[in-house]
Q: 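Pasting a structure below so you can have a look.
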Amino acid sequence: SNAFFHGGRSRYTKPLTLFIIINLIFFVAQPRTGLFGSKYMEYMNNRAHLATVQRHLRQTGESQQSYMARFDANLQDQKKSSLILGVPVLALFMAILFAGSGRTYAEHLVFSVQVFAFLLVYIGLVALILLGPLSLALHAIGPVGVSIMQTLQGDNTIAAILLTGLAAYMYAGFRRAYDTHRTRAAINAVILSGAVGLLVMLNHNVLFYTTFWTT
């Protein structure tokens with residue numbers, strides 16, 4: 001981002017190109033990470049989603065088994081492109097928090113793309129390099145190890161790990177690319193990492209509806 005802001009673009013892959021490449025790699029590996037792994041049956045735990053699908057099945061006469069297979073196949077394809085929708089929203093949050101800094105919305109977009117690219121790399125590394133081997137080691141210990149692993153794989157623990165990594169990345173980025181004071185960089189990093197977490201949560205529901213409408 002810093003190089004882009006100062007015209008040194010030729011040294012690096014364009015941000016959007018970088019994101020697309022990382023996005024494709026991530027979703028090839030995604031089934032092994034267990035993250036972003038939502039499927040039809042998980043969505044059916046939500047009463048509103050269940051009612052929507054049941055109404056559709058009554059109208060079409062299609063069996064649930066047939067629809068579920070088509071839904072899950074379409075859902076996997078939708079996942080590959082849906083996360084990019086959070087980029088302009090995050091850039092808007094940044095424009096508000098950095099109002100008066102002289103930064104343009106286009107510059108916020110560049111950094112926002114980098115943030116989401118980092119998020120995918122970070123999730124992959126945490127899941128495949130940290131949680132994967134740790135899970136094998138703890139399962140080898142026995143029941144106590146399994147209990148510890150279930151705690152580590154809980155939603156709150158995973159969210160804490162991801163948000164901590166995002167906040168650290170954003171802090172470094174704001175200090176280096178935005179030349180922001182330490183205090184402001186830290187506050188904005190915490191706020192915006194929370195915003196990314198919220199966007200990822202919203203993406204979960206958006207995915208259901210985009211998949212439902214196109215299946």
Side-chain angles (χ1 to χ4, degrees), residues 1-23 25-27 29-30 33-36 82-134 151-204 206:
S1 296
N2 191 42
F4 265 71
F5 295 165
H6 293 89
R9 305 182 184 190
S10 60
R11 295 178 54 201
Y12 301 101
T13 304
K14 293 179 179 179
L16 187 57
T17 303
L18 178 68
F19 173 83
I20 291 171
I21 292 170
I22 291 174
N23 187 65
I25 293 172
F26 176 82
F27 280 103
Q30 178 266 321
T33 69
L35 301 171
F36 294 139
S82 64
L83 206 58
I84 193 67
L85 297 177
V87 169
V89 180
L90 178 61
L92 180 60
F93 289 156
M94 292 175 62
I96 295 170
L97 287 178
F98 284 99
S101 67
R103 295 293 179 186
T104 66
Y105 182 72
E107 289 176 319
H108 297 317
L109 273 176
V110 169
F111 188 78
S112 183
V113 171
Q114 303 281 18
V115 166
F116 278 91
F118 167 80
L119 175 64
L120 292 176
V121 171
Y122 183 57
I123 288 174
L125 291 176
V126 168
L128 297 176
I129 296 178
L130 177 61
L131 293 182
L134 186 60
T151 300
L152 290 176
Q153 289 181 327
D155 289 343
N156 290 337
T157 304
I158 295 295
I161 292 173
L162 296 183
L163 293 181
T164 299
L166 268 176
Y169 176 84
M170 287 186 175
Y171 173 80
F174 295 151
R175 290 285 295 148
R176 179 180 174 84
Y178 280 62
D179 195 25
T180 307
H181 186 273
R182 288 187 178 88
T183 302
R184 187 178 185 184
I187 293 172
N188 285 358
V190 170
I191 293 172
L192 290 169
S193 64
V196 173
L198 179 61
L199 289 172
V200 170
M201 290 173 58
L202 290 174
N203 182 62
H204 176 77
V206 169

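All values reported here derive from a predicted model rather than from experimental measurement.
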Q: Does the pair Leu90 and Phe116 meet the rule for a side chain to side chain contact (heavy atoms under 4.5 Å, CB included), with working shown?
A: CA-CA 10 Å; Leu90 178 61; Phe116 278 91; 3.7 Å; yes
Q: So, for Gly165 and Phe118, which heavy atoms are closest and what is the spacing to 0.1 Å?
A: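 Closest heavy-atom pair between Gly165 and Phe118: O-CE2, 3.7 Å.
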Q: Keeping the roles fixed (side chain from Ser112, backbone from Val87), state whether a donor-acceptor pair exists under 3.5 Å.
A: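 Between the backbone of Val87 and the side chain of Ser112 there is a qualifying donor-acceptor contact (under 3.5 Å).
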Q: Between Leu85 and Val89, which heavy-atom pair has the shortest distance, and what is it?
A: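 Closest heavy-atom pair between Leu85 and Val89: O-CG2, 3.7 Å.
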Q: Do Tyr122 side-chain atoms and Ile161 backbone N/O form a donor-acceptor pair below 3.5 Å?
A: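 Here the side-chain-to-backbone pair exists.
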Q: Could you tell me whether the side chain of Leu119 reaches within less than 4.5 Å of the side chain of Val200, counting heavy atoms only?
A: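 SC-SC contact between Val200 and Leu119 confirmed.
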Q: Nearest heavy-atom pair of Tyr105 and Ala95: which atoms, and what distance?
A: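 Distance-wise, the nearest heavy atoms are CD1-CB, 4.4 Å.
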Q: Restricting to non-hydrogen atoms, name the atom on Met170 and the atom on Leu192 that form the minimum distance, rounded to 0.1 Å.
A: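 Looks like SD-CB, 3.6 Å.
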Q: For Tyr178, what residues pass the ring pair (Phe, Tyr, Trp, His ring centres under 6.0 Å) criterion, not counting sequence neighbours?
A: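 Residues passing ring pair (Phe, Tyr, Trp, His ring centres under 6.0 Å) with Tyr178: Phe5, Phe98, His108, Phe111, Phe174.
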Q: Is Gln114 close to Leu18 at the side-chain level, that is, under 4.5 Å between some pair of heavy atoms?
A: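 Yes - at least one pair of side-chain heavy atoms lies under 4.5 Å apart.
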Q: Applying ring pair (Phe, Tyr, Trp, His ring centres under 6.0 Å), can you list everything that pairs with His181, at least two apart in sequence or on another chain?
A: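 None.
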Q: If every non-hydrogen atom of Leu166 is compared with every non-hydrogen atom of Ser193, which pair is closest and at what distance?
A: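 Closest heavy-atom pair between Leu166 and Ser193: CB-CB, 3.9 Å.
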Q: Counting C-beta onward and ignoring hydrogens, is there a side-chain heavy-atom pair between Ile191 and Ile187 closer than 4.5 Å?
A: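 Yes, at least one pair of side-chain atoms sits under 4.5 Å.
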Q: Assess whether side chain to side chain contact (heavy atoms under 4.5 Å, CB included) is satisfied between Leu120 and Phe19, documenting all intermediate values.
A: CA-CA 9 Å; Leu120 292 176; Phe19 173 83; 4.0 Å; yes
